[in-house]
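Reviewing the structure listed below.
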Amino acid sequence: MPELPEVETVRQGLVPAMEGAVIDALEQRRPDLRFPFPAGFAERLTGRTIIGLGRRAKYLLADLDDGALLIMHLGMSGSFRVEDGTIQTPGIFYHPRDKQAAHDHVVFHLSNGKRVVYNDPRRFGFMDLVRRADIATTPHLAGLGIEPVGNAFDGVTLHGLFAGKRTPLKAALLDQRLVAGLGNIYVCEALHMAGLSPERAAGTITAEEAGRLATAIREVLGAAIAAGGSSLRDHRQANGELGYFQHSFRVYDREGEPCPNLACSGVVTRTVQSGRSTFHCLTCQR
DNA sequence: GCTGTAACCTGTCGGC
DNA sequence: TGCCGACAGGTTACAG
């Protein structure tokens, strides 16, 4: 599921429940997700106050009162939901199919009476605990590239990052070491908005094209966050509601449909790059 | 060093 | 209806 807009949407949904709350108890229902939980995970979190909940790229970061940082990644299918005393049926945000509850792997019991439940059927997500002071050397975060919704992200920066790269634009944008937070959907969308081919070598784009691309990335991500993210299969907001940006997709999952660019008579085409679907218009994306 | 591919795990969907 | 294969939004290790 989650690319940057989905993670940001989840973060915004979790803040009211988690910030300022004490973790009274933590249920860790299995020894691992994608990676094993760190030693003493539940014990180390129990009794801690969550000072703030932030985000870096696709990572959720919970600052704790003892100087630790809880790192959470949703992988492909991870989601959080918030339950409170008014909700009598655990899993109410799902269609009431019990098998969903089988994938509730972590439950935070908070001092404000709320429960925050982490569900992840495919278990590609993970959680880790590090010292806040060690954030610069934490393997998950240390190599991340520029934040695409941050102030420093613009065409000049993007042009510099791509200089000399022979890798296709699509792969370069998915490379979290260059730009951190983009995924398959929004790369396809931004490249179409910018009129750039995903197959072009990244190092060949001009400064003007890089500016166009940076603007497109900002616009696509901003619109997606405002729409609550995209709900294709797994993503829900923390309050259980679906995002609806998928209704605004220009090209993603629209193979065979007319190009949404009104000045173009092309058709959306699906190709495979690095084993992943790419949707683009062969006519107006150059 | 750079690039592409496979693998991780499970659910869903389409075809037969 | 049931079975099977393809595919899925991320990340990382490894081979070339």
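Values below: every heavy atom of this structure, side chains too, minus hydrogens, waters and symmetry copies.
Atom P of C/dC14 sits at a distance of 16 Å from the matching atom of B/dC9, rounded to the whole Å. Separating the C1' atom of C/dA6 from that of B/dA6 is a span of 16 Å, rounded to the nearest Å.
In this structure, A/R122 is positioned above the aromatic face of A/F124, its NZ or CZ under 6.0 Å from the six-membered ring centre and within 45° of the axis.
A continuous path of ILVMFWY side-chain contacts below 4.5 Å connects A/L64 to A/M72, so both sit in one hydrophobic cluster.
The main-chain N or O of A/P16 is never found under 3.5 Å from a side-chain atom of A/E19 such that the two would form a donor-acceptor pair. Between the side chain of A/E147 and the main chain of A/A57, a donor-acceptor pair closer than 3.5 Å is present. Between the side chain of A/N112 and the backbone N or O of A/A17 there is at least one donor-acceptor pair closer than 3.5 Å.
Per the geometry, CG belonging to A/D253 stands 10 Å off C1' belonging to C/dA8, to the nearest Å. For the pair A/L141 CG and C/dT11 P, the computed distance is 12 Å after rounding to whole Å. Rounding to whole angstrom units, CZ of residue A/F35 and C1' of C/dT12 are separated by 7 Å. Between A/H103 atom NE2 and B/dT10 atom C1' there is a gap of 7 Å when expressed in whole angstrom units. Spacing between atom CZ of A/R34 and atom P of C/dT12 amounts to 7 Å, rounded to whole angstrom units. In this structure, the CG atom of A/D128 is 15 Å from the P atom of C/dT11, given to the nearest Å. Taking atom CG on A/D32 and atom P on B/dC8, their separation rounds to 14 Å, with Å as the unit. To the nearest angstrom, C1' of B/dT5 lies 14 Å from CD of A/Q273.
Comment: A/K170 does not engage A/E199 in a salt bridge, judged by the lack of any side-chain N to carboxylate O separation of less than 4.0 angstrom. With respect to the salt-bridge test (charged N to carboxylate O, under 4.0 angstrom), the residues A/D66 and A/R48 qualify.
In this structure, A/F124 packs face-to-face on the six-membered ring of B/dC8, meeting both the 5.5 Å centre cutoff and the 30° plane limit.
A close approach under 4.0 Å does occur between a side-chain nitrogen or oxygen of A/H73 and OP1 or OP2 of C/dT11. The phosphate of B/dT10 has OP1 or OP2 within less than 4.0 Å of a side-chain N or O from A/R123. In this model, the phosphate group of C/dT11 is approached by a side-chain N or O of A/Q176 to a distance below 4.0 Å at OP1 or OP2. Taking 4.0 angstrom as the limit, A/K58 places a side-chain polar atom (N or O) nearer than this to OP1 or OP2 of C/dT11. One finds a side-chain N or O of A/S277 lying less than 4.0 angstrom from the OP1 or OP2 phosphate oxygen of C/dA8.
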Close N or O pairs between protein and nucleotides 1-4 of chain B (under 3.5 Å):
{"unit_1": "B/dT3", "atom_1": "OP1", "unit_2": "A/R166", "atom_2": "N", "d": "3.3"}
{"unit_1": "B/dT3", "atom_1": "OP1", "unit_2": "A/T167", "atom_2": "N", "d": "2.9"}

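Taking the six-membered ring for Trp and thresholds of 30 and 60 degrees, A/Y59 and A/H73 have ring planes more than 60 degrees apart, a perpendicular arrangement.
Side-chain contact of A/S197 with A/Q285: a donor-acceptor pair under 3.5 Å is absent, judged by distance alone.
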Mind listing the side-chain donor-acceptor pairs of residues 133-142 of chain A below 3.5 Å, one per line with the distance, residues two or more places apart or on another chain?
{"unit_1": "A/T137", "atom_1": "OG1", "unit_2": "A/D134", "atom_2": "O", "d": "3.1"}
{"unit_1": "A/T138", "atom_1": "OG1", "unit_2": "A/D134", "atom_2": "O", "d": "3.0"}
{"unit_1": "A/H140", "atom_1": "NE2", "unit_2": "A/D128", "atom_2": "OD2", "d": "3.3"}

Dot-bracket pairing map - DNA chain B, Watson-Crick plus G-U, both contacts under 3.5 Å, | cross-strand: .|||||||.|||||||
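Distances were taken from every side-chain heavy atom of A/Y252 (C-beta onward) to each of C/dA8, B/dG11, C/dT12; the shortest belongs to C/dA8.
You won't find any donor-acceptor pair under 3.5 Å spanning the side chain of A/R276 and the base of C/dA8, going by distance alone.
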